Amino acid sequence: MMKAVSCALVRSNAQALSTGLRASGVAVNAVATRQGHTDLQVPDFTPYRREAVKDARRRNESTEERKAFSYMMVGAGAVGGAYAAKGLVNAFVSSMSATADVLAMAKIEIKLADIPEGKSVTFKWRGKPLFIRHRTPSEIQTERSVATSELRDPETDEQRVIKPEWLVVIGVCTHLGCVPIANSGDWGGYYCPCHGSHYDASGRIRKGPAPLNLEVPTHEFPDEGTLIVG
């Protein structure tokens with residue numbers, strides 16, 4: 001009899017446990033459903049939509065609709081292409097413009113009192129050496145007495161200077177771009193040791209492979225003691 005009572009008690013406990021698990025499972029599922037917001041109703045905006053877009057599978061069937069779409073795509077592509085071309089052109093033009101340091105040196109002002117007579121002083125101008133020579137009266141007389149028929153690149157001294165006592169030339173050899181040495185050479189002007197070009201005190205080529213005279217940049221004398229190059 002005791003055995004029968006024990007079996008009945010075990011069966012009743014098992015049924016109670018099973019019922020409790022099923023109830024807790026339902027509760028857990030309900031909580032999970034609420035937490036996932038799957039029970040919320042999505043608003044229906046169908047009354048506010050245009051007839052042409054209510055059907056997601058609908059395609060542009062009429063000629064006018066297809067034409068309008070094509071025009072829109074072509075216009076958008078043209079606008080995008082124009083902006084891309086503008087950016088490329090701006091980048092290209094910017095890459096060809098002078099750098100900030102070159103623009104800053106577009107003009108150089110020189111105090112002539114710092115250059116003694118008979119000396120040649122070198123300055124940096126637009127990334128190139130600039131020779132400023134304070135010529136003596138004997139140098140001026142010598143250079144002005146030279147006949148242009150003797151010169152490879154004929155120029156008179158008067159054509160190369162504004163004031164006779166001041167010679168302003170770019171210190172770049174016209175042969176291969178070397179920098180000549182001042183107060184050197186067979187004519188006492190400038191000498192390029194790279195290939196043996198000799199220039200006189202007026203910057204004119206007198207001997208060697210250089211084909212042209214030293215370049216004279218644009219310059220002016222705003223007053224007696226100042227020189228502006230550029």
Side-chain angles (χ1 to χ4, degrees), residues 32-111 121-132 153 155 159-160 162 167-181 190 192-195 197 199 203 205 209-222 226-230:
T33 300
R34 285 195 298 273
Q35 289 178 347
H37 302 290
T38 56
D39 59 335
L40 298 178
Q41 295 294 328
V42 178
D44 185 9
F45 295 100
T46 301
Y48 302 98
R49 297 175 65 187
R50 292 182 289 110
E51 293 294 332
V53 298
K54 285 185 178 181
D55 188 0
R57 297 171 298 177
R58 183 177 179 276
R59 301 179 61 183
N60 294 333
E61 298 176 352
S62 67
T63 304
E64 292 301 324
E65 290 176 342
R66 290 196 299 268
K67 187 183 298 184
F69 179 77
S70 299
Y71 288 162
M72 182 184 67
M73 294 302 296
V74 170
V79 172
Y83 273 100
K86 177 184 176 183
L88 290 175
V89 170
N90 287 339
F92 179 71
V93 172
S94 298
S95 67
M96 297 181 64
S97 61
T99 57
D101 58 338
V102 174
L103 291 175
M105 296 295 291
K107 286 190 176 183
I108 182 173
E109 182 175 321
I110 300 169
K111 298 299 181 182
V121 179
T122 304
F123 298 88
K124 183 179 180 182
W125 177 67
R126 296 184 181 179
K128 300 177 182 179
L130 179 69
F131 293 160
I132 310 297
D153 184 13
E155 274 187 311
Q159 292 175 309
R160 296 181 55 79
I162 297 177
L167 174 68
V168 182
V169 293
I170 295 177
V172 176
C173 180
T174 57
H175 178 223
L176 291 178
C178 306
V179 179
I181 301 172
Y190 301 94
C192 181
C194 300
H195 301 94
S197 295
Y199 300 88
I205 181 64
L212 302 172
N213 303 329
L214 294 179
E215 181 184 353
V216 177
T218 302
H219 61 282
E220 60 180 355
F221 297 89
T226 306
L227 166 67
I228 296 179
V229 181

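Worth saying up front: this structure is predicted, and the values here are computed from it rather than measured.
Within the model, atoms SG of Cys173 and OH of Tyr199 stand 3.0 Å from one another, a figure rounded to the nearest 0.5 Å.
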Residues 210-221, side-chain donor-acceptor partners within the protein, below 3.5 Å, at least two apart:
{"from": "Asn213", "atom 1": "OD1", "to": "Ile205", "atom 2": "N", "distance (Å)": "2.9"}
{"from": "Asn213", "atom 1": "ND2", "to": "Asp153", "atom 2": "O", "distance (Å)": "2.9"}
{"from": "Asn213", "atom 1": "ND2", "to": "Asp153", "atom 2": "OD2", "distance (Å)": "3.3"}
{"from": "Asn213", "atom 1": "ND2", "to": "Glu155", "atom 2": "OE1", "distance (Å)": "2.9"}
{"from": "His219", "atom 1": "ND1", "to": "Pro217", "atom 2": "O", "distance (Å)": "2.8"}

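Residues Arg160 and Val169 approach most closely at NH2-CG1, 3.6 Å, considering heavy atoms. In terms of heavy-atom proximity, Gly230 sits nearest to Lys107 at O-CE, 3.7 Å.
Qualifying side-chain hydrogen bond (donor to acceptor under 3.5 Å, both in side chains) partners for Lys111, counting only residues two or more places apart in sequence or in other chains: Glu109. Listed by chain and residue number, Val79 satisfy the side chain to side chain contact (heavy atoms under 4.5 Å, CB included) test with Tyr83 (two or more places apart in sequence, or in another chain).
Classification of the Tyr190-Phe131 ring pair by plane angle, with boundaries at 30° and 60°, yields parallel.
Among Ile110, Val229, Ile132, the one residue that satisfies the side chain to side chain contact (heavy atoms under 4.5 Å, CB included) test with Trp125 is Val229.
Counted within 6.0 Å of CE on Met73, heavy atoms from surrounding residues, nucleotides or ligands total 12 or fewer; the atom is thus considered open.
Contact check for Val168 versus Phe123: no side-chain heavy atoms found under the 4.5 Å cut-off.
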